[in-house]
Each structure stands twice: as C-alpha cells, then as structure tokens.
Amino acid sequence: MGLDAGGTIFLMGLVSAALGAFVAALAYRGYARNDSGPMLYLAVGVAFVTAIPFVLSYGVEWLTSASDGIVVLVITTCNIVGLTAIAYSLRRPGR
C-alpha cells in the first residue's frame with residue numbers, strides 16, 4: 001500500500017475506531033429498542049475505549065502543542081472511563 005509506519009498506525013487506529021463506533025451504535029440501538037440501561041453503559045464504554053480516544057488523541061495533537069505525555073493521559077483517562085462503564089453494564093442488579 002506504500003504507507004510508512006505513521007500512516008499504518010493511523011490507518012489501523014481509524015479502522016479500530018470505526019469498528020468500535022459501529023459496535024457502540026449497535027449497543028445503543030439495543031438500549032433504545034429495549035430501554036435497557038446496561039446496554040447504554042455498554043455503548044458508552046465501547047465508545048470510550050475505542051472511538052473517542054482515537055479522535056481525541058489526534059485532535060489534541062493537531063489542535064494544541066500538547067506533549068506526548070498529555071496525549072497518553074487523555075487516552076488513558078478515556079480507557080478508564082470506558083472500562084468503568086463496561087464493568088458497570090455487566091454488574092448484576094441486587095448483588
């Protein structure tokens with residue numbers, strides 16, 4: 001394909017973000033169809049683990065002069081929020 005390492009990383013991140021957004025949209029449709037709170041948390045969690053970090057990492061890097069450490073902090077924070085939402089979606093009520 002003629003991509004350098006940076007282009008390959010961007011492309012793979014874009015594919016991952018797009019697939020994550022698709023899965024989050026499916027989970028959101030499940031929430032809307034069944035009025036299921038856990039599906040909403042699952043949708044939010046998947047979005048925060050996949051699509052949002054990609055958008056924010058490149059957005060922060062392109063729009064500001066933030067250091068690599070700040071970009072990693074943004075991504076890590078998104079992952080923590082996403083995994084917390086996913087864990088909350090999988091909890092059993094009453095336990």
Side-chain angles (χ1 to χ4, degrees):
M1 282 176 31
L3 291 176
D4 62 349
T8 303
I9 291 169
F10 179 81
L11 182 62
M12 295 306 288
L14 182 63
V15 169
S16 175
L19 185 58
F22 175 71
V23 171
L26 288 177
Y28 183 79
R29 279 184 41 200
Y31 156 72
R33 185 177 335 121
N34 301 312
D35 196 29
S36 171
M39 289 301 285
L40 177 60
Y41 284 105
L42 182 63
V44 169
V46 169
F48 267 91
V49 168
T50 58
I52 293 172
F54 175 78
V55 171
L56 288 181
S57 69
Y58 283 99
V60 166
E61 188 176 12
W62 287 336
L63 297 176
T64 69
S65 60
S67 67
D68 289 345
I70 297 297
V71 173
V72 170
L73 178 64
V74 167
I75 293 169
T76 303
T77 302
C78 284
N79 286 329
I80 290 170
V81 169
L83 290 172
T84 301
I86 291 170
Y88 187 75
S89 77
L90 297 175
R91 71 167 174 60
R92 290 178 163 247
R95 290 191 180 195

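All heavy atoms count here, side chains included; hydrogens, waters and symmetry mates do not.
- Contact record, A66 with V60: CB-CG1, 3.7 Å, taken as the closest heavy-atom pair.
- Cluster annotation: V46 is not connected to V15 through the hydrophobic network of ILVMFWY side chains, with a link wherever side-chain heavy atoms come within less than 4.5 Å.
- For the pair T84 (side chain) and I80 (backbone), a donor-acceptor distance under 3.5 Å is present.
- In terms of heavy-atom proximity, I75 sits nearest to S57 at CD1-CB, 3.6 Å.
- No continuous path of ILVMFWY side-chain contacts below 4.5 Å connects Y31 to Y41, so the two sit in separate hydrophobic clusters.
- Residue A17 comes nearest to A51 through the heavy atom pair O-CB, 3.7 Å, listed as atom of the first residue, atom of the second, then distance.
- Considering all non-hydrogen atoms of both residues, T50 and S16 come closest at CB-O, 4.1 Å.
- Taken to the nearest 0.5 Å, the CD1 atom of I70 stands 9.5 Å off from the OG1 atom of T77.
- L73 and L56 are not part of a single hydrophobic cluster, where members link through side-chain heavy atoms under 4.5 Å apart.
- Listed for the S89 side chain is a donor-acceptor partner under 3.5 Å among the backbone atoms of I86.
- More than 12 heavy atoms of other residues, nucleotides or ligands sit less than 6.0 Å from atom CG of D4.
- Under a 4.5 Å side-chain heavy-atom cut-off, the cluster of Ile, Leu, Val, Met, Phe, Trp and Tyr residues that includes W62 is completed by I9, F10, L14, F54, V55, Y58.
- Tracing side-chain contacts under 4.5 Å through hydrophobic residues (I, L, V, M, F, W, Y), one reaches L83 starting from V23; they form part of the same cluster.
- Looking only at side-chain heavy atoms (C-beta outward), V81 and C78 stay at 4.5 Å or farther from each other.
- To the nearest 0.5 Å, the span separating CG on L40 from CG on N34 amounts to 12.5 Å.
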